[in-house]
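Values below: every heavy atom of this structure, side chains too, minus hydrogens, waters and symmetry copies. Worth saying up front: this structure is predicted, and the values here are computed from it rather than measured.
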Amino acid sequence: MTTILVVEDDRSLNKGIALTLANEGVTLLQAYDVAEAGRLLAAEKLDLVLLDINLPDGSGLDLCERIRRESRVPIIFLTANDLEIDIVTGLELGGDDYITKPFSLMVLRARVMAVLRRLEPLEPERRVYGDIELAFDRLEFRKRGQALALSRTECKLLRTLVNHPGQILTREQLMDQVWSGEADFVDENALTVTIKRLRAKLEDKPSAPEYIKTVYGLGYVWAAESGGVR
């Protein structure tokens with residue numbers, strides 16, 4: 001069951017969004033101001049929040065900041081503001097996507113589905129690749145029994161790679177998966193730096209990697225064979 005909270009003070013638009021997203025297996029919750037949204041956020045386990053920026057009792061940006069202190073639930077902003085500063089601010093505060101009014105409800109539905117598809121469940125088992133042990137559900141990573149400290153970005157990149165073993169992933173695909181809706185605003189060099197940091201932690205010889213290989217002109221591939229799951 002997927003639970004989506006729609007925070008939009010325009011009741012007609014709120015209802016239209018709810019009707020568009022209504023489907024078997026989807027529960028829609030509706031709020032019309034920050035206070036009501038706060039109550040639902042505290043009481044419900046949510047999978048996605050559609051959040052208007054201009055609300056009658058406060059700012060959706062401030063509410064996003066509050067949410068991000070406690071949750072990583074995906075947030076798509078809905079707003080009439082199309083200024084670059086609003087877009088950047090929303091994404092920097094932790095928004096996953098941004099759509100300006102007026103918008104097609106079918107386009108909104110497609111964007112919602114795209115964000116939900118990126119919410120792959122964490123693997124419940126421990127994956128083993130030679131000396132490397134990866135437990136994404138517990139965020140525990142080891143090499144020869146020694147703990148590896150991975151940042152959130154490194155973890156997302158590593159999980160994307162190991163979930164597509166032997167498959168060449170382009171830089172664009174990796175940027176989109178790791179930085180989601182923020183990819184257009186992230187320096188492309190960020191991917192190169194994150195790959196370098198991962199190799200430094202995983203590889204015995206980062207200059208001659210066995211796990212994360214570069215396919216020149218195309219992208220990167222997770223080349224290690226799994227020793228099974230435990």
Side-chain angles (χ1 to χ4, degrees), residues 1-23 25-122 139 151-153 155-156 175-186 190:
M1 180 67 71
T2 299
T3 303
I4 300 174
L5 172 62
V6 183
V7 187
E8 166 62 60
D9 64 312
D10 184 324
R11 291 180 178 269
S12 295
L13 179 56
N14 197 319
K15 181 179 180 180
I17 292 171
L19 289 173
T20 300
L21 297 179
N23 201 350
V26 177
T27 297
L28 271 299
L29 303 176
Q30 295 168 273
Y32 305 98
D33 54 35
V34 171
E36 190 172 3
R39 288 193 293 272
L40 290 171
L41 284 161
E44 304 288 343
K45 186 178 186 303
L46 303 174
D47 297 291
L48 178 68
V49 177
L50 297 176
L51 179 57
D52 188 18
I53 284 184
N54 297 312
L55 294 164
D57 59 343
S59 167
L61 294 173
D62 292 337
L63 180 56
C64 174
E65 191 171 18
R66 283 168 47 193
I67 293 172
R68 279 292 172 262
R69 292 179 194 141
E70 301 177 355
S71 171
R72 294 170 62 184
V73 61
I75 297 172
I76 298 178
F77 284 110
L78 309 175
T79 180
N81 295 341
D82 58 359
L83 296 176
E84 183 176 281
I85 186 63
D86 292 320
I87 297 174
V88 172
T89 300
L91 295 175
E92 286 182 343
L93 289 174
D96 294 272
D97 203 352
Y98 192 106
I99 184 168
T100 56
K101 304 172 187 177
F103 52 78
S104 160
L105 288 173
M106 295 313 296
V107 169
L108 173 66
R109 178 182 175 84
R111 301 275 279 272
V112 166
M113 293 301 106
V115 170
L116 290 176
R117 279 195 299 271
R118 291 198 288 266
L119 298 179
E120 301 175 7
L122 293 175
L139 297 180
S151 70
R152 180 172 176 267
T153 299
C155 179
K156 290 176 69 176
M175 293 282 289
D176 182 62
Q177 287 292 316
V178 176
W179 283 277
S180 301
E182 302 175 44
D184 290 340
F185 302 93
V186 176

Next on the checklist: Could you walk me through whether Arg111 and Ile99 satisfy the side-chain contact (heavy atoms from CB on, under 4.5 Å) test, starting with their C-alpha distance in whole Å, then the side-chain angles of each, then the deciding distance to 0.1 Å, before giving a yes or no?
Outcome noted: CA-CA 9 Å; Arg111 301 275 279 272; Ile99 184 168; 4.3 Å; yes
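- Taken to the nearest 0.5 Å, the CG atom of Asp97 stands 10.5 Å off from the CZ atom of Phe77.
- Contact of the Glu8 side chain with the Gln30 side chain is not registered, since no non-hydrogen atoms from C-beta on lie closer than 4.5 Å.
- Atom-to-atom distance recorded for Ile75:CD1 and Leu46:CG is 10.0 Å, nearest 0.5 angstrom.
- For the pair Phe103 and Leu13, the minimum side-chain heavy-atom distance is below 4.5 Å.
- Looking only at side-chain heavy atoms (C-beta outward), Lys101 and Asp52 come within less than 4.5 Å of each other.
- Side-chain contact check for Leu21 versus Arg109: some heavy-atom pair is nearer than 4.5 Å.
- Distance alone, capped at 3.5 Å, is enough to place a donor-acceptor pair between the Thr20 side chain and the Gly16 backbone.
- By the 4.5 Å heavy-atom criterion applied to side chains, Thr2 and Leu116 are counted as neighbours.
- Scanning all heavy atoms of the two residues, the minimum distance from Cys155 to Leu139 falls at SG-CD2, 3.7 Å.
- Rounded to the nearest 0.5 Å, atoms CG (Leu19) and CG (Leu105) are 9.0 Å apart.
- Put simply, the side chain of Leu78 reaches to within 4.5 Å of the side chain of Leu108, judged on heavy atoms.
- Shortest non-hydrogen contact noted between Val73 and Asp47 is CG2-C, 3.6 Å.
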Checklist entry - Between Arg68 and Asp96, is a salt bridge (Lys or Arg N to Asp or Glu O under 4.0 Å) present by the stated rule, with each step listed? => result CA-CA 11 Å; Arg68 279 292 172 262; Asp96 294 272; 3.2 Å; yes
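- What you find for Val34 and Asp57 is that their closest heavy atoms are N-OD1, 2.7 Å.
- By the 4.5 Å heavy-atom criterion applied to side chains, Ile4 and Thr27 are not counted as neighbours.
- One distance of note links CG of Asp9 with CG of Asp33; it measures 8.5 Å at 0.5 Å rounding.
- Contact between Tyr98 and Thr79 at its shortest, heavy atoms only, is OH-CG2, 3.0 Å.
- Side-chain atoms of Asn14 and Tyr32, non-hydrogen and from C-beta on, do get closer than 4.5 Å to each other.
- For the atom pair OG of Ser71 and NZ of Lys45, the computed distance is 8.5 Å after rounding to the nearest 0.5 Å.
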Checklist entry - Under the side-chain contact (heavy atoms from CB on, under 4.5 Å) criterion, do Leu63 and Leu41 qualify, and how do the steps go? => result CA-CA 10 Å; Leu63 180 56; Leu41 284 161; 4.0 Å; yes
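- For the pairing with Cys64, the side-chain contact (heavy atoms from CB on, under 4.5 Å) check across Leu51, Val49, Leu91 returns one residue only, Leu51.
- Here the closest non-hydrogen pair linking Leu29 and Glu44 is CD1-CG, 3.5 Å.
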